[in-house]
Structure formats: C-alpha cells, structure tokens
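Single-structure report; data block below.
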Amino acid sequence: MKRIGILTSGGDAPGMNAAVRAVARTAMANGIEVFGIRYGFAGLVAGDIFPLTSDSVANVLTRGGTFLYTARYPEFAQEEGQLRGIEQLKKHGIEALVVIGGDGSYHGALALTKRGFNSIGLPGTIDNDIPFTDLTIGFDTACTTAADAIDKIRDTASSHQRVFVINVMGRNCGDIAMRVGVASGADAIVIPEKPYSIEAIADKLKKSFANGKDHGIVIVAEGVMTSDEFLKELLKYGDFDARTEVLGHMQRGGEPTVSDRVLASKMGAYAVKLLMEGKGGLAVGIEDNHLCTHDIVDLFDSHHVGDYSLLAMNDDLSR
Ligand SMILES: Nc1ncnc2c1ncn2[C@@H]1O[C@H](COP(=O)(O)OP(=O)(O)O)[C@@H](O)[C@H]1O
Ligand SMILES: O=P(O)(O)OC[C@H]1O[C@](O)(COP(=O)(O)O)[C@@H](O)[C@@H]1O
Ligand SMILES: [Mg+2]
C-alpha cells in the first residue's frame, strides 16, 4: 500500500487532531504517503484532498477541534455521493482510508469498504455512545471540561443556597452525565437510558437542604429534556430557588486531556497497522485497556451499554 487518506466527520471531539497526527506519522514511518481530506465526507466528494507532511501535523497533538475540519453531510448515505467519493479517492491514488467520527461516520466507512476501499473507523465523539469500546476519543476531555464548569456553578449555587439544573451533552447517551455527575458530586443524575422520578429528586433536594447542605446540583443529559423543562417539573414538587444552565458546545472544545491524547495516538497508530495488513470495515476500540477491532457491521446491531451502576452509587455518595 502506497497511499492512504484520512478524514474527520460528525461532531468534532478533542483528540481528533492527535489521532490524525498518529495516523500520518505512523504511515510515514512505514513509507506510506498520507492525504488529508477536509470537511469529512463533504470534502471527499468535493475533492478537497491534500498531501500531509510531517510538518503539517506538527503542533496539533495538543489542540482541540479538528484541523481537517468536519461536516455533517447526509448526502453521503446515498449511492451517488459514495460513487463520487470513490472517484476522488481513485483520482488521488488513495487506496485506503481512516475515518475518525461517531456512529454516523462508521456507516460511511462501511459503505466505502463494501465498494472496495478498505476503511478503518476510529471512535471520535464526546458522547461515548459507540458499542465495543470502553472509551471514545474526546469523552474524557468533555467530561473534564463539564466538571470544571460545574465546579464554578457550585460556588455560586452554595453562596445563594440555590439549586442548579444543568444540561450536559450526549445526544441519546447518559455517559457524560453519569461521569460528570459523580465527578462533581451532583445530587441527581438524569439520563435517557434509565427511569427517574422528579418527585424523588425534589424530596432528596429538600432533605439535603434540611440537613444543612447549601446547594443542589441536578445533571440532566440533553437527550432527556432541556434544563428549563426539567426545572418546570421540579418546581411542581418544591419551592426551590433555582436556576438552569445548558453547558452546550463548550464541552466539545479545548485541549485534549492526557488520556485522550494517548488514546488517540494508540488508536491512530493501530489503524495504520490494520490497513497495512489489508484489513478494512473494522472499528477500533479499547476494551480493558487493550486495543481491539470489531466488524463495523456488527456495531449497527448493538448498543453501547454504559456503567449504570454509577447512578445508585452516586445516590449514596451525594447527601
Ligand atoms: N447511513 C450512512 N451512510 C453513509 N454515510 C453516512 C450515513 N450516516 C451518516 N453518514 C455520514 O457520516 C456523517 C457524520 O454522521 P453524524 O451522525 O452526523 O455524526 P457522528 O459520526 O459523529 O455520529 C454524516 O454527516 C454523513 O456524511
Ligand atoms: O453540533 P451540533 O450539530 O449542534 O450537534 C450536537 C450534538 O453533537 C454532539 O456534541 C456530538 O455528537 P456526534 O459525535 O455524534 O456528532 C452531541 O453531544 C450533540 O447532541
Ligand atoms: Mg453520533
């Protein structure tokens, strides 16, 4: 194999740049040329493709976002988009591709593999919603950023003895909410995957204040409802002095944590080794601290399963 391509797709995630660097440098170390593709599958179809040198990936290891840019480009689900993408790959002499993105991007990677272009998927999404991997690139950073923001909210909540209802990201997945909730000592964590009782949460907050606690933090995953909607319901069960926050896209930015930099580097290097072995249609994951692969096609029949034991544990810890 002489030449591979790389793109980032879907929502950006801190550590994507570190993964691109790892792919590029590993390929170069093995005598393979690397081409960057801008704007995900949109740029692939448009032919926005350029050679990467060792210098092009200098100083990106520590940077958030993705210097290759990203896009949501639903047209790639159609045959026409895929065929045009393949024309571009052929035109540039690219024989195989690394796709860094979430579940949607994996569909694109699989479609290309089925059409004869081996593609390897790396899990780049803050949501941690990909099956067969304990962690996705960007999840640790997003949780760290959100926890940092909530620490600050807690200071002002305590000063006024207020309740804050805070939305965190995770389209349909409660992993960010659970991890951030535990890390920030939230009184309650509400996620889309598990049932909850707003009345029970209100009772818990009332008891906490009665016991002398000076603040209340409720973390609500965005997939459940907005923090405003949640507060409206909460106020039916108690007369709280309360405010809402939506942390939003700030969770996707910023320098990747050490964990994300190392995870991205390991996965990027591994992806190149897989392509060199002639493999494609695979998703890279990490399970019990070991890199692993699964057929992308199997991911679509599976669901990510979070560590839901954190909910009960957190309920005991936050008093
Ligand atoms: N069924 C599909 N077939 C081919 N490409 C797809 C498909 N679904 C999504 N994609 C491509 O992957 C991109 C990213 O998907 P999206 O769901 O937005 O983000 P993520 O990959 O982070 O989950 C889409 O904009 C589209 O270009
Ligand atoms: O940036 P957008 O298009 O508003 O999308 C927001 C969504 O993207 C995410 O930040 C990341 O999701 P993906 O990695 O699947 O793209 C979700 O947490 C959130 O629901
Ligand atoms: Mg997704």
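Numbering of ligands and ligand atoms starts at 1, following listing order.
- Between I37 and I6, every side-chain heavy-atom pair lies at or beyond the 4.5 Å cut-off.
- Residue S105 approaches ligand 1 through these ligand atoms, each under 4.0 Å from one of its heavy atoms: 12 (O), 14 (C), 15 (O), 20 (P), 21 (O).
- Of the protein's non-hydrogen atoms, the one nearest atom 4 (O) of ligand 2 is H249 NE2, 3.2 Å.
- Ligand 2 has at least one atom lying under 4.0 Å from a heavy atom of G11.
- One of the N, O or S atoms belonging to D103 lies under 2.8 Å away from the Mg ion (ligand 3).
- When non-hydrogen atoms are compared, ligand 1 lies under 4.0 Å from the side chain of F41 (C-beta onward) but not from its backbone.
- Closest to atom 15 (O) of ligand 2 among all protein heavy atoms lies R171 NH2, 3.2 Å.
- Every side chain to side chain contact (heavy atoms under 4.5 Å, CB included) that H160 has, sequence neighbours left out, goes to T156, R162.
- Checked against a 3.5 angstrom limit, the closest N/O atoms of G170 and ligand 2 fall inside it.
- Any N or O atom pair closer than 3.5 Å counts here, and G102 shares at least one such pair with ligand 1.
- Checked against a 3.5 angstrom limit, the closest N/O atoms of R171 and ligand 1 fall outside it.
- Using a non-hydrogen distance threshold of 4.0 Å, S9 registers as a contact of ligand 1.
- Remark: F164 CZ to H215 NE2 distance equals 11.0 Å, nearest 0.5 Å.
- Considering V190, V246, V220, T226 in turn, V220 is the only one that fulfils the side chain to side chain contact (heavy atoms under 4.5 Å, CB included) rule with V165.
- Here the options are I32, I4, T26, the test is side chain to side chain contact (heavy atoms under 4.5 Å, CB included), and the partner is M276; only I32 passes.
- Of the N or O atoms in I126, none lie within a sub-3.5 Å distance of an N or O in ligand 2.
- D239 CG: 12 or fewer foreign heavy atoms inside a 6.0 Å radius.
- Residue contacts with ligand 1 do not include T125, since none of its heavy atoms lies under 4.0 Å from the ligand.
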Worked check of side chain to side chain contact (heavy atoms under 4.5 Å, CB included) between Y73 and L44: CA-CA 10 Å; Y73 182 67; L44 174 62; over 6 Å; no

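- Residue contacts with ligand 1 for A111 are absent, since no atom lies close enough (heavy atoms, distance under 4.0 Å).
- Among protein heavy atoms, atom 25 (O) of ligand 1 sits closest to Y73 N, 2.5 Å.
- Annotation: R252 places an N or O atom under 3.5 Å from an N or O atom of ligand 2; distance criterion only.
- Considering Q82, Q78, H107, R72 only, the shortest heavy-atom separation from atom 16 (P) of ligand 1 involves R72.
- Annotation: atom 14 (O) of ligand 2 to nearest protein heavy atom, T125 OG1, 2.6 Å.
- For G40, the heavy-atom gap to ligand 1 stays at 4.0 angstrom or more.
- What sits closest to atom 5 (O) of ligand 2 on the protein, heavy atoms only, is R72 NH2, 3.1 Å.
- Salt bridge status for E233 with K236: present, with a side-chain N to carboxylate O gap under 4.0 Å.
- When each atom of ligand 2 is checked for a heavy atom of E222 under 4.0 Å away, the hits are 17 (C), 18 (O), 19 (C), 20 (O).
- Atom 11 (C) of ligand 2 has as its closest protein heavy atom D127 OD1, 3.7 Å.
- Heavy-atom proximity to G104, at under 4.0 Å, picks out these atoms of ligand 1: 6 (C), 7 (C), 8 (N), 9 (C), 10 (N), 11 (C), 12 (O), 15 (O), 17 (O), 20 (P), 21 (O), 23 (O).
- Taken to the nearest 0.5 Å, the CG atom of L7 stands 6.5 Å off from the OG atom of S9.
- Between Y69 and Y39, the ring centre distance stays below 6.0 Å.
- Exactly one of I198, I166, I201, I189 qualifies for a side chain to side chain contact (heavy atoms under 4.5 Å, CB included) with V218. That residue is I201.
- Using a 4.0 Å cut-off between a side-chain N of Lys or Arg and a carboxylate O of Asp or Glu, D203 and K206 qualify as a salt bridge.
- The pair R179-D175 fails the salt-bridge criterion, with no side-chain N (NZ, NE, NH1 or NH2) lying under 4.0 Å from an Asp/Glu carboxylate O.
- Salt bridge D187/K213: present, at least one basic N to carboxylate O contact under 4.0 Å.
- Atoms of ligand 2 found under 4.0 Å from any heavy atom of M169 (numbered from 1 in listed order, with element): 10 (O), 18 (O).
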